[in-house]
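Beneath this line is the structure, given in structure tokens, with notes to follow.
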There are 2 protein chains.
Amino acid sequence: MQLADAPSDRRPLRRGSARAAILGAAARLFAERGFTHATVRDIAAAAGADPALVKYHFGSKEALFLEVVQQHNEWRDLVETPLEELAVAVVTALLDADAAGRGRQVFAALVRASDSPSIRSRLAQSMEEQFVRPIAARLEGAEAELRARLFAAQVHGLMTVLWLIDDQALLRDDRAAIVSRYAAALDVVLRADD
Amino acid sequence: MQLADAPSDRRPLRRGSARAAILGAAARLFAERGFTHATVRDIAAAAGADPALVKYHFGSKEALFLEVVQQHNEWRDLVETPLEELAVAVVTALLDADAAGRGRQVFAALVRASDSPSIRSRLAQSMEEQFVRPIAARLEGAEAELRARLFAAQVHGLMTVLWLIDDQALLRDDRAAIVSRYAAALDVVLRADD
DNA sequence: TGTTGAACTCAACGGCGTTGAAGTAGGCGC
DNA sequence: GCGCCTACTTCAACGCCGTTGAGTTCAACA
């Protein structure tokens, strides 16, 4: 009897490596399918691990998601752009689907899972750290923080339309026109009063 | 025989009225808890009906949700405001938590359930019918539709920050300042080029 | 009155996140 | 080397989810 054992596709994973394997599989599957449709069982299977290990290593599916999303701060360097070019740079970046690839999926997953208070506060923190604080610190004039916050709101509006609603009509429009018009609106809150 | 029958709390629902009862309970529970956390069993129980009737009358939980959300067009009359006052009127309305009460919950439920293609397209349709089309029809100058679309994007940004992220920091700011600054940005895309 | 079909009930299915008990391996003192 | 102790892993099962199909009730019509 040959009993070749044929483990087909489930290699046993060296002992102790399950945590990292799960984290990697979760990053991929959460991005591809979102929080709800990436199941713990699928993530574990993709990592070659047991579903119960998700609870053992991370505590819950939600905690795993937060861990995955924790290291995504894609826009950090973008907002370092000089203030005069910031609005154009941001809108251009959002419209660049390729560059936005992973950040887009993470944003969508975060927003759609924002039922949960902890995920919602992570979303708020993400907005705060990536937009509000760095921009407010550089703004001159009155109400710098409020203006940075309204800037972030406008940016989230474009993200929502492009990445959540996936508005095809907007994509059919002239990209240059979108950039110049939306950037002009962004500049209104960036500029200090006369 | 009097047949007082007192069925404790589960009144039998007159035959034929289950559909309406489910629709009403669904409207309340979807708004209160969102799509995911309002379960079919809870909705049916609140309506005094059997869970299987949801499928019988509506086809699926998702179809029931779409039916509930179908008749929510809260902003229809708001965008009838004269163009000169439109931006201020919209921002003021969004900041008015009481007036926004039900529309706020429906918006949050829609966005968070936008995983599903049919719900996502309903969200797109909602943006289109309540903002883009009525405003584009009244705009003068070049690229009226694009400008209306960018107006809608900005509005969705404020909705997201206020109603999804539930940004407390923004609410601590001066409402008048928010209105004047965000409205100014909205006006940039509303106004025709010089 | 007998028939028919829409409305409804009920038990069950497979899949979900999670749980707790049982098993296993690897490092450390002896 | 031996045994233990702890961290890691496995497995079966729980309760809940949306959904399903077969069976039942009831009102309207011929």
field: Nearest to side-chain heavy atoms of A:T39, which nucleotide of C:dG17, D:dT10, C:dA7
entry: C:dG17

query: Which sits closer to the 5' end of DNA chain C, B:L53 or A:T36, going by the nucleotide each is nearest to?
result: B:L53

- prompt: With hydrophobic residues grouped by side-chain heavy-atom distances under 4.5 Å, do B:W163 and B:F65 end up in a single group?
  reply: yes

Taking [atom1] from [X] and [atom2] from [N], how many angstroms apart are they, rounded to a whole number?
{"X": "A:I22", "N": "C:dT18", "atom1": "CD1", "atom2": "C1'", "answer": "14 Å"}
{"X": "A:I43", "N": "C:dC16", "atom1": "CD1", "atom2": "C1'", "answer": "12 Å"}
{"X": "B:F30", "N": "D:dG18", "atom1": "CZ", "atom2": "C1'", "answer": "11 Å"}
{"X": "A:L29", "N": "C:dC16", "atom1": "CG", "atom2": "P", "answer": "12 Å"}
{"X": "B:H57", "N": "C:dC8", "atom1": "NE2", "atom2": "C1'", "answer": "8 Å"}

query: Distance check: side-chain N/O of B:H37 vs OP1/OP2 of D:dC17, anything under 4.0 Å?
result: no

- prompt: Can you find a side chain N or O atom of B:Y56 that sits less than 4.0 Å from OP1 or OP2 on C:dA7?
  reply: yes

query: Less than 4.0 Å between a side-chain N and a carboxylate O, is that true for A:E145 and B:R172?
result: no

message: Taking the basic N atoms (NZ, or NE/NH1/NH2) and the acidic carboxylate oxygens, is any pair closer than 4.0 Å for B:D166 and B:R104?
response: yes

- request: Hey, can you tell me if B:F131 and B:F151 have their rings parallel, tilted or perpendicular (30° and 60° cut-offs)?
  value: tilted

- prompt: Less than 6.0 Å separating the ring centroids of A:H72 and A:F107?
  reply: no

message: So if I define the base as every atom that isn't primed, P, OP1 or OP2, how would nucleotides 19-27 of chain D read as a B/S/- string at a heavy-atom cutoff under 4.0 Å?
response: SBB---BS-

message: Holding to side chain to side chain donor-acceptor pair (under 3.5 Å), I want the full list of residues that pass it with B:S60, two or more places apart in sequence or in another chain.
response: none

